Amino acid sequence: MYFKRLFYLIVIFTLQFNQTYSLDIKIVLKIDNIILTNVDIENEKKYLLLFNSNLINVNDKELIDLSKSSLIRQVIKEKEVKKYFKFETHSKLGDKLIEEYFASRGYKNQREFSKFLIKQNLDIDIFKEKLLIDRLWNSLVYEKFKNKIKINENEIKKK
């Protein structure tokens, strides 16, 4: 009987002092059929800080604005890239980009880099997709405008 009462008391105290924290998820932007939430913006902040450590010095409001802009550009890039490229055929390129990235940051292997991302609550697949979209976007822009670019090597040598 004593243990039963003690058990009930422990359960009651635990329930009374247990506070539940919830994150309100709000729709911040809608681009065509793609909805971006405040959680997406927070995650983008983390990715931006990972890509550019100089952003640590930027205040939170500016970082949120940068994150929104970055997400908008990312959605636009992704839509355009998907018109010209199939992501499935470029998975090896994505793996190579991840490998180049973690090697340039001093990680020994992908497992070590994945552990770092997990500690930051980031997903390596999303990270790889971001790298792949950026690389394919750069290729697309180059292919579209390469004939319109004139490079004057003499002018470059003079400078």
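Quick note: numbers below take in every heavy atom, side chains included, and nothing from hydrogens, waters or symmetry partners. What you are looking at is a predicted structure, and each value in this text was computed from that prediction instead of being measured.
- Heavy-atom contacts from other residues, nucleotides or ligands closer than 6.0 Å to CD1 of Ile156 number more than 12.
- Here CG of Leu49 is found 9.5 Å from CG of Leu122. Values are rounded to the nearest 0.5 Å.
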Determine all donor-acceptor pairs shorter than 3.5 Å in which one atom belongs to a side chain in residues 112-121; sequence neighbours excluded.
unit_1 : atom_1 : unit_2 : atom_2 : d
Ser114 : OG     : Gln110 : O      : 3.0

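- Applying the salt bridge (Lys or Arg N to Asp or Glu O under 4.0 Å) test to every pair with at least one member in residues 52-75, sequence neighbours left out, gives these pairs: Lys45-Asp60, Lys61-Asp65.
- Partner of Lys26 under the side-chain contact (heavy atoms from CB on, under 4.5 Å) criterion, out of Thr37, Ile41, Val39, Asn38: Asn38 alone.
- A salt bridge is absent between Lys46 and Glu42: the closest approach of a Lys/Arg side-chain nitrogen to an acidic carboxylate oxygen does not fall below 4.0 angstrom.
- We find that Lys96 and Glu99 are not joined by a salt bridge, their nearest charged nitrogen and carboxylate oxygen being 4.0 Å or further apart.
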For Lys130 and Glu44: C-alpha separation, side-chain torsions, deciding distance, then whether salt bridge (Lys or Arg N to Asp or Glu O under 4.0 Å) applies.
CA-CA 10 Å; Lys130 286 178 174 295; Glu44 188 66 17; 2.6 Å; yes
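- Between Glu80 and Lys144 there is no salt bridge, since no side-chain nitrogen of the basic residue lies less than 4.0 Å from a carboxylate oxygen of the acidic one.
- The two residues Leu140 and Tyr84 make their nearest non-hydrogen contact at CD1-CD1, 3.6 Å.
- Glu153 pairs by the side-chain hydrogen bond (donor to acceptor under 3.5 Å, both in side chains) definition with nothing, not counting sequence neighbours.
- Closest non-hydrogen pair, Phe51 versus Leu131, comes out as CE2-CD2, 3.6 Å.
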Applying side chain to side chain contact (heavy atoms under 4.5 Å, CB included) to Val75 and Lys79, what does each step give before you reach the verdict?
CA-CA 6 Å; Val75 168; Lys79 288 181 77 168; 4.3 Å; yes
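- A pairwise comparison of heavy atoms in Gly94 and Leu132 identifies N-CD1, 4.1 Å as the closest pair.
- Between Tyr101 and Phe127, the distance separating the two ring centers is shorter than 6.0 angstrom.
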